[in-house]
There are 2 protein chains.
Amino acid sequence: MTDLVAPTIDDILEARRTLAGVAVRTPLLRSEKLDALTGARILIKCENLQRTGAFKFRGAYNCLSRLDRAAFPGGVVAYSTGNHGQAIATVGRMLGIAATIVMPDDAPAIKISKARENGARVVLYDRQTQSREQIAAEIAEKSPVAIVPPGDNPLVIAGQATVAAEAFEQAGDVAIDAVMVPCGGGGLSAGTCLAARATPSRAEIWAVEPEDFDDTRRSLATGKREVNPALGGSICDALLAPTPAELPFSINRQGLAKVLVASDLEVMRAIRYAFEELRLVAEPGGVIALAALLNNPEAVRGKNIIVIVSGGNVEPAIFTRALKADDRQSVTQ
Amino acid sequence: MTDLVAPTIDDILEARRTLAGVAVRTPLLRSEKLDALTGARILIKCENLQRTGAFKFRGAYNCLSRLDRAAFPGGVVAYSTGNHGQAIATVGRMLGIAATIVMPDDAPAIKISKARENGARVVLYDRQTQSREQIAAEIAEKSPVAIVPPGDNPLVIAGQATVAAEAFEQAGDVAIDAVMVPCGGGGLSAGTCLAARATPSRAEIWAVEPEDFDDTRRSLATGKREVNPALGGSICDALLAPTPAELPFSINRQGLAKVLVASDLEVMRAIRYAFEELRLVAEPGGVIALAALLNNPEAVRGKNIIVIVSGGNVEPAIFTRALKADDRQSVTQ
């Protein structure tokens, strides 16, 4: 059991106030074609249009804006598969807080260079042999810096919860049946569960994981945090946490109605679909909930569904490959 | 002189009411990097995220929702470089109005097929030898259909004016110095001029045309509607009207502060910039105002600028080519 406490409804409301006028109120888009394809009403929450290109900005800003600077004159250190680090670096620059980012050495080059452009110190590690938590802990031991984990922090989760809270508000009178949300370490899923609980809505929360990185799905089944057999190899680089984070998992095990998976091929098709039908640039991990939707239209028929597109930081080469996918018919017809 | 009358402030307000809850309230995005590059505050109005992927939806819906169906039981006919036709086809289906679209045979295949998917009848013509206005007129002579031109219609212009009206509202207290807007036939530019006049803002309106299709720029200089020497050949297919439309030009000649141009290469670089920094899918004609901005940072230094990205219907092959541009440094550093 974690000794961290889940954020309350008040914490989420406070996060919304903190982020008002700072985070982008990202649009909730519709597509006639997507509705026709699924027989459902689909509302796409576009966090790829968030500052830094991912929802992670929300949690980072909510957390760093309350950092005790006297206690941590060295600033913050974050370990991250990419977007969380990018968000911490950007928010650090915005708020004048020094940031050190621990990133895997196989993270997309664009994410590493962007963190450095934002003035962050980047420490690379080998995903196969080293522990990012341990590297961050060592840095925090040697200097007065606060560790900002991507999930195991109530302020971060409260920030991520504002994505769904905002989407429910934008949906207005539409009674949402389910929210489909990408799931890596589980912070966004957990925030989504809490946001749904804070509304009169009876929406279910469906997390979506990469096919071979379904640690949350297996953990829900066994009741304890399971580990992924591999540490790399999926195109969804943003979702490759080795195991569910502790606090998010304690929330997700109560809040998630189910967990779906999608393959890399399905993710690539969804990138193309988002390009053609929604004019969105989505990254592989960011578009995985849309991939699961396209692959399971029967699961949503007749329902009102929010699909969170969580990020848009994708390398041109991968995006180009997705646009060239020649099996388009199977998902867009 | 045209005998059509420019829409009033009340017409624009009425269009906003008509479009409320129907058109997407597209976001006004910012980018730290773009602000740093230009030394200005840049607000990107994302009409590529509008329904049908372009601002044209607004004018089409505002116009067709007031069609006299008893007088025109055959519905409507539109001549269009693509996005206007697409919008008319979609709105026709939404409102149960039959639509015939006259399109150049070199329009992107994706636009032709999408119009047909929406149930429209598509009539193709040769841009080099035939007049689209004449083909539409012949159709209207033979059957009881109303012609909906892309620019020469007050209801269409009032609809397009809601783009800038909405952007000014979203900008809130920020005093806008200029709005940069793509210009083909001139309908969006004209609507933008009228919207600016309807606010306390003293914003200038800057239209942007493709380098070799600068008919509006030359027309403002001579005071009469000039014709482009070529009818095709630019990548900006959405902006290749042969000459300024009459009613828009009568508005633009009073309202535009200046007209800039951008080359195809600059447009391709801007597509890549929008992909990387804004996670937006923009089409060549849609991104031309951003191209002009990137090419003229000294013109905006210290100012608050709205840049309209007007459409996102781009073929994968062109988008892929833009992502491969190897001269990125010159626009992003």
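Note that these values count all heavy atoms, side chains included, but never hydrogens, waters or copies made by symmetry.
Contact of B:Arg93 with chain A is made through the side chain alone, with heavy-atom distances under 4.5 Å. Residue B:Thr26: no heavy atom, backbone or side chain, is found under 4.5 Å from chain A.
Between A:Leu49 and B:Leu280 there is a side-chain heavy-atom pair separated by less than 4.5 Å.
Rounding to the nearest 0.5 Å places CG of B:Leu323 at 12.0 Å from CD of A:Glu315. For the atom pair B:Glu32 CD and A:Glu117 CD, the distance stands at 12.0 Å (nearest 0.5 Å).
What you find for B:Val314 and A:Phe275 is that their closest heavy atoms are O-CZ, 3.6 Å.
Ionic pairing of A:Glu283 and B:Arg279 is not present here: no N-O contact between side-chain nitrogen and carboxylate oxygen is shorter than 4.0 angstrom.
For the set B:Val24, B:Asn118, B:Leu29, the entry with the most heavy-atom pairs within less than 4.5 Å of chain A is B:Leu29.
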